[in-house]
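Every value quoted in this text rests on a predicted model; they were computed, and no experiment measured them. Below, chain A is the first sequence line, B the second, and so on; all start at residue 1. Below, all heavy atoms of this structure are taken into account, side chains as well, without hydrogens, waters or symmetry copies.
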Amino acid sequence: MDSCNCIEPQWPPDDLLMKYQYISDFFIALAYFSIPLELIYFVKKSAVFPYRWVLVQFGAFIVLCGATHLINLWTFTMHSRTVAMVMTTAKVFTAVVSCVTALMLVHIIPDLLSVKTRELFLKNKAAELDREMGLIRTQEETGRHVRMLTHEIRSTLDRHTILKTTLVELGRTLALEECALWMPTRTGLELQLSYTLHQQNPVGYTVPIHHPMINQVFSSSHVVKISPNCPVARIRPAGKYMPGEVVAVRVPLLHLSNFQINDWPELSTKRYALMVLMLPSDSARQWHVHELELVEVVADQVAVALSHAAILEESMRARDLLMEQNVALDLARREAETAIRARNDFLAVMNHEMRTPMHAIIALSSLLQETELTPEQRLMVETILKSSNLLATLINDVLDLSRLEDGSLQLDLGTFNLYAVFREVLNLIKPIASVKKLHVSLNMAPELPEYAIGDEKRLMQTILNVVGNAVKFSKDGSILISAFVAKAELLRDSRTPEFFPVPGDNHFYLRVQVKDSGIGVSPQDIPKLFTKFAQTQSTAIRNSGGSGLGLAICKRFVNLMEGHIWIESEGLGKGCTAIFMVKLGIPERLNESKLAFMPKVPPNLGPAAFPGLKVLVMDENGVSRMVTKGLLVHLGCDVTMVSSSEECLRVVSHEHKVVFMDVCVSGMDGYEIAIRIQEKFTKRHERPIIVALTGNTDKVTKEKLMRVGMGGLILKPVSLDKMRSVLSDLLEHRVLFEAV
Amino acid sequence: MEVGQMQRRLVDYTKTLFMEGFLDAQFLQLQQLQDENNPDFVVEVVSLFFDDSEKLLNNLSMALDQPNVDFKKVDAHVHQLKGSSSSIGAQRVKNACIAFRNFCEEQNIDATLRCLQQVKHEYYLVKNKLETLLRLEQQIVAAGGSIPMIDMGF
């Protein structure tokens with residue numbers, strides 16, 4: 001072949017070039033084969049790749065390309081037709097696949113690109129969520145802080161701890177530089193620095209309360225930002241360049257009376273404390289809304305906690321006061337009891353001590369009476385006797401007054417001659433009245449019954465006292481005593497509204513009026529007359545002496561007799577009238593006739609008054625037993641003696657009508673024996689009357705005896721007459737109660 | 001000495017006993033109980049009183065001699081003595097017993113010993129007086145007279 005000059009001559013294949021081509025083809029093939037392998041490997045590993053089919057296509061394309069290049073290796077040298085055929089087939093396939101792939105890629109590449117956009121979007125979203133999360137976490141922390149703070153505050157009831165804790169916790173939570181609490185002073189005109197976070201001893205630094213900024217804070221229930229130049233905010237050390245922001249909030253100081261059920265007090269609280277919070281200087285921090293809310297909540301909690309603490313303090317103080325009072329009352333009560341006991345002991349002793357000399361006087365005067373006396377001497381001795389009897393009665397009554405006070409006095413009811421009582425009083429008073437040249441007259445209404453049932457002794461004492469007063473306080477003139485039955489209309493007296501006597505069939509109201517023309521009583525002194533020991537101031541009365549006890553005793557007697565006593569007077573110098581009404585019983589017809597023969601105190605009936613009466617005497621003391629036996633034997637009784645309770649129970653039989661039992665022996669419970677005796681005899685008429693002999697007549701003993709069912713009580717030592725009258729009373733009435 | 005004089009002496013002596021407080025009205029009661037049916041009542045009672053009191057006083061001395069004094073027992077004895085003396089009308093003995101009982105309550109050993117001495121003293125005094133009285137009465141009866149009855153009006 002000839003080569004032309006215009007075209008480069010075909011050169012025979014160079015060996016070196018051939019070799020390079022050969023190697024490159026080989027490597028290309030290698031690469032082409034390994035790329036899909038890598039792809040498949042990694043795709044297999046990932047699992048999310050959505051475009052597998054594309055991958056397959058791509059893989060096929062690459063493999064075929066590789067195959068082509070590989071087959072190319074054989075075409076450098078002379079090759080057979082088969083190789084050419086294979087090469088052609090490979091190339092054709094490769095072409096087909098590549099075109100398909102290219103077409104496919106047109107669809108896919110935009111998709112792949114958009115994935116990237118989405119990824120960016122998601123990343124932004126995630127960042128945003130992160131930020132919000134951060135915020136929420138902060139808020140929740142704050143909330144936790146508030147709860148913890150509240151818990152701290154409410155876990156103590158000590159005011160100081162509450163406030164200190166508040167400041168400390170707030171400071172920590174909000175990272176404050178300074179936190180302070182200003183409390184209003186007592187006068188309410190200034191705010192005093194009470195607690196701070198960092199300065200250990202706030203020294204009574206005060207600020208007047210009527211500062212516009214302070215007013216602004218007080219009038220709002222929210223946290224208010226205030227200027228760092230405000231006087232309340234100037235407490236931190238100077239020298240900081242840029243003071244941090246300051247807020248203040250009011251803390252209402254609530255009182256008990258401020259708590260309303262439905263709404264928190266808004267305007268009724270006048271007192272506020274001020275809490276000031278300062279952010280650190282030079283920090284460029286700002287107050288966040290949630291922080292302000294936190295502060296408000298805390299302020300409210302503090303207010304509540306403080307008021308709780310205040311209430312608690314109050315109630316503790318009240319309780320301490322009550323305890324003190326209790327102790328004092330207890331002491332007073334014990335002292336009163338001691339005093340009462342002392343008085344009772346004193347009275348019990350005096351009771352005895354006073355009676356003894358009286359008895360001696362009476363005894364000796366009686367003795368004297370029996371001796372030879374001239375008539376004047378006899379008269380004198382009689383007067384002595386009468387006076388000493390009266391004195392004995394008086395002593396009894398002074399002692400009765402104490403019993404009256406306890407309410408333990410009981411009336412000695414009995415039938416007596418009403419007219420005789422008044423006559424006796426008149427006889428007693430006539431001598432003194434005639435000395436004073438006073439005229440005494442007695443007017444008894446005809447419808448008054450001759451006999452009445454009541455306490456003769458005390459009625460006479462009352463009348464005597466009233467008449468005696470009339471005589472005492474009159475220098476001249478006359479005294480008029482009138483007695484009549486109180487009529488129904490007159491019973492309801494306008495002057496005595498609390499007294500409502502009710503007339504009935506077996507009782508009547510005796511009304512006695514004693515009118516005198518003496519010095520009288522001024523109206524304002526009238527209520528005092530009946531007070532024990534009280535005397536009116538007039539000198540005339542003071543000169544007359546008297547202990548002031550009389551009317552008080554009378555009043556009590558009259559009250560016991562279900563009556564009423566009062567004094568009327570028109571004034572000083574105009575005389576006065578004493579009026580009293582008492583309830584007396586009307587004796588039955590039968591008794592009237594009996595009474596004619598048997599007056600209350602039987603005369604000397606002679607020794608054998610109770611012939612053959614079987615009695616049992618129980619007394620541990622030999623001498624006393626013998627004396628009692630002697631008494632009873634003298635009265636004609638048939639006496640059995642026993643000296644112990646067992647013996648008594650053994651010996652007592654239905655024949656014994658009366659059992660005299662000494663109950664003031666220690667070690668033997670007479671009351672128990674009484675009960676046992678009563679149990680022994682079930683039928684009432686077989687039961688003996690049990691009478692206690694004792695030296696003790698106080699109320700407690702009497703009640704005990706009554707409860708046990710004793711028939712009566714006799715005070716030792718027993719006299720003959722006493723024993724006689726006791727027995728006659730017992731046998732007549734089957735019950736006595738007390739013979740003193 | 002004739003009966004009338006002896007009787008007057010008796011009455012005077014009795015009066016002084018009353019005035020000096022050795023006896024009180026109770027003794028007169030005892031005398032009242034003495035009659036034809038019971039001619040020696042007073043003597044019997046008085047002798048019983050003497051015996052009883054001697055015993056009680058001995059017991060008291062023993063009880064108070066103990067290292068640990070049982071005040072309850074002492075009180076019981078004194079109570080008995082008080083009862084006896086008041087039944088017979090021995091007033092001063094009875095008063096001494098009352099004081100004795102108060103100190104017993106307080107459990108005051110020194111005071112009770114003193115009281116015991118006091119009671120003994122009073123007892124021996126009254127014993128003496130009563131014995132004299134009874135002797136006078138016996139003399140009157142032996143001389144054929146009767147003991148003057150003192151009648152009380154209260």
Side-chain angles (χ1 to χ4, degrees), chain A residues 345 348-349 352-353 355-372 381-382 385-386 388-389 392 604 606-608 619-636 662 664-668 693-695 715-723, chain B residues 8 11-12 14-15 18-21 23-38 41-42 44-53 55-56 72-73 75-91 94-95 98-99 102 148-154:
Chain A
D345 287 342
V349 168
H352 187 86
E353 299 303 321
R355 283 188 178 143
T356 316
M358 277 319 302
H359 279 169
I361 295 176
I362 293 173
L364 293 178
S365 317
S366 315
L367 260 179
L368 202 55
Q369 252 186 345
E370 302 303 319
T371 62
E372 298 270 333
V381 172
E382 275 172 8
L385 249 183
K386 273 216 193 100
S388 7
N389 274 325
N604 237 337
D619 192 335
E620 218 183 35
N621 185 312
V623 176
S624 158
R625 203 167 51 222
M626 206 168 163
V627 172
T628 316
K629 177 183 174 191
L631 274 173
L632 291 165
V633 161
H634 190 83
L635 290 171
D662 182 304
C664 66
V665 283
S666 51
M668 253 211 269
L693 291 169
T694 172
L715 185 63
K716 284 211 272 188
V718 193
S719 75
L720 190 58
D721 287 327
K722 204 195 298 184
M723 186 59 93
Chain B
R8 263 197 302 281
V11 168
D12 285 336
T14 320
K15 268 200 267 180
F18 273 100
M19 300 231 284
E20 289 172 2
L23 296 175
D24 63 22
Q26 185 62 13
F27 188 72
L28 295 169
Q29 290 290 320
L30 293 185
Q31 290 193 317
Q32 269 198 313
L33 295 177
Q34 185 162 289
D35 55 18
E36 315 81 48
N37 304 332
N38 221 338
F41 183 67
V42 177
E44 282 172 11
V45 175
V46 171
S47 320
L48 184 58
F49 170 68
F50 289 156
D51 291 333
D52 224 20
S53 307
K55 258 193 292 200
L56 283 171
K72 276 204 178 358
K73 226 166 91 179
D75 187 67
H77 288 315
V78 179
H79 182 82
Q80 288 292 323
L81 188 58
K82 175 173 153 235
S84 317
S85 51
S86 80
S87 297
I88 206 179
Q91 192 184 3
K94 182 186 64 169
N95 289 342
I98 295 176
N102 287 338
M149 264 300 168
I150 306 167
D151 191 19
M152 293 293 113
F154 66 140

Sort [X] into side chain, backbone, both or neither according to what part of it lies under 4.5 angstrom from a heavy atom of chain A.
{"X": "K94(B)", "value": "side chain"}
{"X": "L48(B)", "value": "both"}
{"X": "Q91(B)", "value": "side chain"}

Which residues pass the side-chain contact (heavy atoms from CB on, under 4.5 Å) test with K72(B), sequence neighbours left out?
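If we apply the side-chain contact (heavy atoms from CB on, under 4.5 Å) test to K72(B), skipping adjacent residues, the hits are D70(B).
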
State which residues pass side-chain contact (heavy atoms from CB on, under 4.5 Å) with S84(B); sequence neighbours excluded, sorted by chain then number.
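Here the qualifying residues are N621(A), V623(A), F49(B), D52(B).
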
So how far is it from [X] [atom1] to [Y] [atom2], rounded to the nearest 0.5 Å?
{"X": "K629(A)", "Y": "L33(B)", "atom1": "NZ", "atom2": "CG", "value": "12.0 Å"}
{"X": "S624(A)", "Y": "Q80(B)", "atom1": "OG", "atom2": "CD", "value": "8.5 Å"}
{"X": "F18(B)", "Y": "H359(A)", "atom1": "CZ", "atom2": "NE2", "value": "12.5 Å"}

Is there a side-chain contact between M19(B) and L364(A) in this structure, where contact means two heavy atoms from C-beta onward sitting under 4.5 Å apart?
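Sidechains of L364(A) and M19(B): in contact.
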
Of all heavy-atom pairs between K15(B) and L367(A), which one has the smallest distance, and what is that distance?
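For K15(B) versus L367(A), the nearest heavy atoms are CG-CD1, 4.1 Å.
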
Apply side-chain contact (heavy atoms from CB on, under 4.5 Å) to the pair L30(B) and V627(A), showing each step before the final yes or no.
CA-CA 7 Å; L30(B) 293 185; V627(A) 172; 3.5 Å; yes

Just give me the residue among A360(A), G630(A), G622(A) that pairs up with chain B most often, heavy atom to heavy atom, under 4.5 Å.
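Most heavy-atom pairs under 4.5 Å with chain B: G630(A).
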
